[in-house]
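One structure is given below, encoded as structure tokens.
Note that the coordinates shown come from a computational prediction; the quantities given were computed from them, not determined experimentally. Every chain is numbered from 1 and lettered A, B, ... according to where its sequence line falls, protein lines coming before strand lines.
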2 protein chains.
Amino acid sequence: MNALYHCISKYHSIPSGAWDALCKTLTKVEIPRNSFLVKEGMVCNNLYFLEKGCLRGYYNLDGKEVTYWFGFEDNFVTSFYSFISRKPSVENIQALEDSALWSISFEALNQLFDAHKDLERLVRIINEQYYIRLEERFMAMQFKTARERYEQLIENSPHILHRISLGQTASYLGISQETLSRIRSQG
Amino acid sequence: MNALYHCISKYHSIPSGAWDALCKTLTKVEIPRNSFLVKEGMVCNNLYFLEKGCLRGYYNLDGKEVTYWFGFEDNFVTSFYSFISRKPSVENIQALEDSALWSISFEALNQLFDAHKDLERLVRIINEQYYIRLEERFMAMQFKTARERYEQLIENSPHILHRISLGQTASYLGISQETLSRIRSQG
DNA sequence: CCTTTCTTTTGACATTTGTCAAAAAAGGAA
DNA sequence: TTCCTTTTTTGACAAATGTCAAAAGAAAGG
């Protein structure tokens with residue numbers, strides 16, 4: 001759990017009592033490549049911390065898989081809409097590599113919030129940071145060309161290019177695989 | 001402040017002590033049409049609740065104004081990135097109509113969080129709901145055509161069409177004004 | 001090493017959307 | 001009303017990106 005502790009400390013320092021309580025409720029989850037953490041139609045009851053491996057979030061649109069999100073080491077992962085609203089997920093979360101995660105249920109997390117104000121603050125702050133990241137991606141999507149978005153990806157998330165296939169990267173960028181292939185070969 | 005009280009009650013019920021404390025720190029702000037609540041380059045120190053009127057968030061990209069957000073009655077408004085990170089805003093927030101808002105500073109809000117756990121919970125929950133909305137818009141932007149996004153706008157936010165000019169609506173949808181005009185005339 | 005499968009590249013062409021310029025329409029002020 | 005300004009529409013054309021199909025390349029298994 002060192003990775004988790006190190007990760008959350010960057011957002012907000014946690015008293016040891018709260019950390020201990022958190023540790024007690026965390027469950028380790030290991031899933032093999034290609035298996036699913038969340039499937040559409042099911043309520044996602046857990047928030048995860050990805051310790052090792054790599055995941056993607058995608059949904060089905062007109063028979064196509066649309067990837068809109070990747071998770072790597074030290075990322076928090078969940079089907080956010082489902083986890084928060086307690087409604088069935090519209091998305092799937094799949095392991096792209098053998099992965100190891102720490103899991104906490106919605107219920108347990110909310111109980112922790114009642115008991116440990118610092119944990120609620122931590123999550124508030126993390127949510128805010130994730131909001132800002134989504135906002136950045138949103139703006140890029142709305143106002144930049146395919147090539148600019150690709151260049152921004154090289155700049156900001158080069159690890160994606162190393163660990164993710166071209167087709168899925170293209171989907172993530174909101175362009176077709178062929179277009180990305182052409183951009184990459186200096187088209 | 002009735003509108004604010006009614007609005008936040010939908011998210012989380014607030015004890016009267018916390019509500020009183022909040023009221024004491026709120027300042028009323030009234031700004032005329034076309035004036036600015038936030039200008040790029042300045043740190044946005046306040047979170048606002050829009051009681052009356054209408055605002056837009058936009059930034060300048062290659063000499064063009066790119067509108068990516070509108071605020072109406074009962075919306076919370078701020079330059080989120082700047083408010084959270086305490087760095088200069090990259091965006092402008094401008095009144096499209098004469099507007100009335102309630103304002104709270106970053107500092108005052110964080111002091112309230114220390115004193116009233118329920119207020120921090122409220123904000124956490126509101127943040128989560130706003131995250132979900134942004135996620136929806138993001139997905140629409142990434143994977144739907146201009147026409148589909150317009151139809152989704154009619155469905156979800158018809159008030160935008162009534163109160164916002166065509167050019168700004170087009171920008172919000174991530175398309176040119178001409179394209180939106182053509183879509184609207186059944187192109 | 002060979003075969004099979006999956007991923008990436010390439011070509012030809014269609015579609016969507018953007019850009020520029022001008023005309024038309026709508027709205028405000030005197 | 002009449003003039004002036006802003007917004008919206010229209011046309012012609014260009015650029016960006018998607019789609020389909022096939023070929024080339026890379027990875028995996030036996």
Using a 3.5 Å cut-off and no angle test, enumerate the donor-acceptor pairs between side-chain atoms of residues 9-19 of chain A and protein atoms at least two apart in sequence or in another chain.
unit_1: A:Ser9; atom_1: OG; unit_2: A:Tyr5; atom_2: O; d: 2.6
unit_1: A:Tyr11; atom_1: OH; unit_2: A:Arg133; atom_2: NH2; d: 3.3
unit_1: A:His12; atom_1: NE2; unit_2: A:Asp118; atom_2: OD1; d: 2.9

Throw together a table of side-chain donor-acceptor distances under 3.5 angstrom for residues 21-33 of chain B, partners on residues two or more places apart or in other chains.
unit_1: B:Thr25; atom_1: OG1; unit_2: B:Leu22; atom_2: O; d: 2.9
unit_1: B:Lys28; atom_1: NZ; unit_2: B:Glu51; atom_2: OE1; d: 3.2
unit_1: B:Arg33; atom_1: NH1; unit_2: B:Leu96; atom_2: O; d: 3.1

What protein N or O atoms touch nucleotides 25-30 of chain C N or O atoms at under 3.5 angstrom, if any, and at what distances?
none

Enumerate all atom pairs, one protein N or O and one N or O from nucleotides 18-23 of chain D, separated by less than 3.5 Å.
unit_1: D:dG18; atom_1: OP1; unit_2: A:Ser176; atom_2: N; d: 3.4
unit_1: D:dG18; atom_1: OP2; unit_2: A:Ser176; atom_2: N; d: 3.1
unit_1: D:dG18; atom_1: OP2; unit_2: A:Ser176; atom_2: OG; d: 3.2
unit_1: D:dG18; atom_1: OP2; unit_2: A:Thr179; atom_2: OG1; d: 2.7
unit_1: D:dC20; atom_1: N4; unit_2: A:Glu178; atom_2: OE2; d: 3.1

Just the atom pairs and distances: protein N or O near nucleotides 25-30 of chain D's N or O, under 3.5 Å.
none

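Among residue pairs with one or both ends in residues 166-176 of chain A, those qualifying as side chain to side chain donor-acceptor pair (under 3.5 Å) are A:Arg137-A:Tyr172, A:Ser176-A:Thr179; sequence neighbours excluded.
Relative to the six-membered ring of B:Tyr58, B:Arg56 meets both conditions, a distance below 6.0 Å and an angle of at most 45° to the axis.
In this view, A:Asn110 and A:Phe106, A:Phe113, B:Arg124 satisfy the side-chain contact (heavy atoms from CB on, under 4.5 Å) rule, not counting sequence neighbours. For B:Glu136, the salt bridge (charged side-chain N to carboxylate O under 4.0 Å, His left out) test picks out no residue, with sequence neighbours left out. The side-chain contact (heavy atoms from CB on, under 4.5 Å) search around A:Met141 returns A:Arg149, B:Phe138, B:Met141, B:Gln142, not counting sequence neighbours. Considering only residues two or more places apart in sequence or on other chains, A:Ser105 meets the side-chain contact (heavy atoms from CB on, under 4.5 Å) condition with A:Asn46, A:Glu107, A:Ala108.
Residues of residues 160-172 of chain A having a heavy atom closer than 4.0 Å to DNA chain D: none are found.
Between B:Phe76 and B:Tyr130, the angle of the ring planes goes over 60°, which puts this pair in the perpendicular group of the 30/60° scheme.
An end-to-end axis angle of 50° holds for the helix from C:dC1-D:dG30 to C:dA30-D:dT1, taken from five base pairs per end and rounded to 10°.
Remark: side-chain polar atoms of A:Asn75 are paired, donor with acceptor, to backbone N or O of A:Phe72 under 3.5 angstrom.
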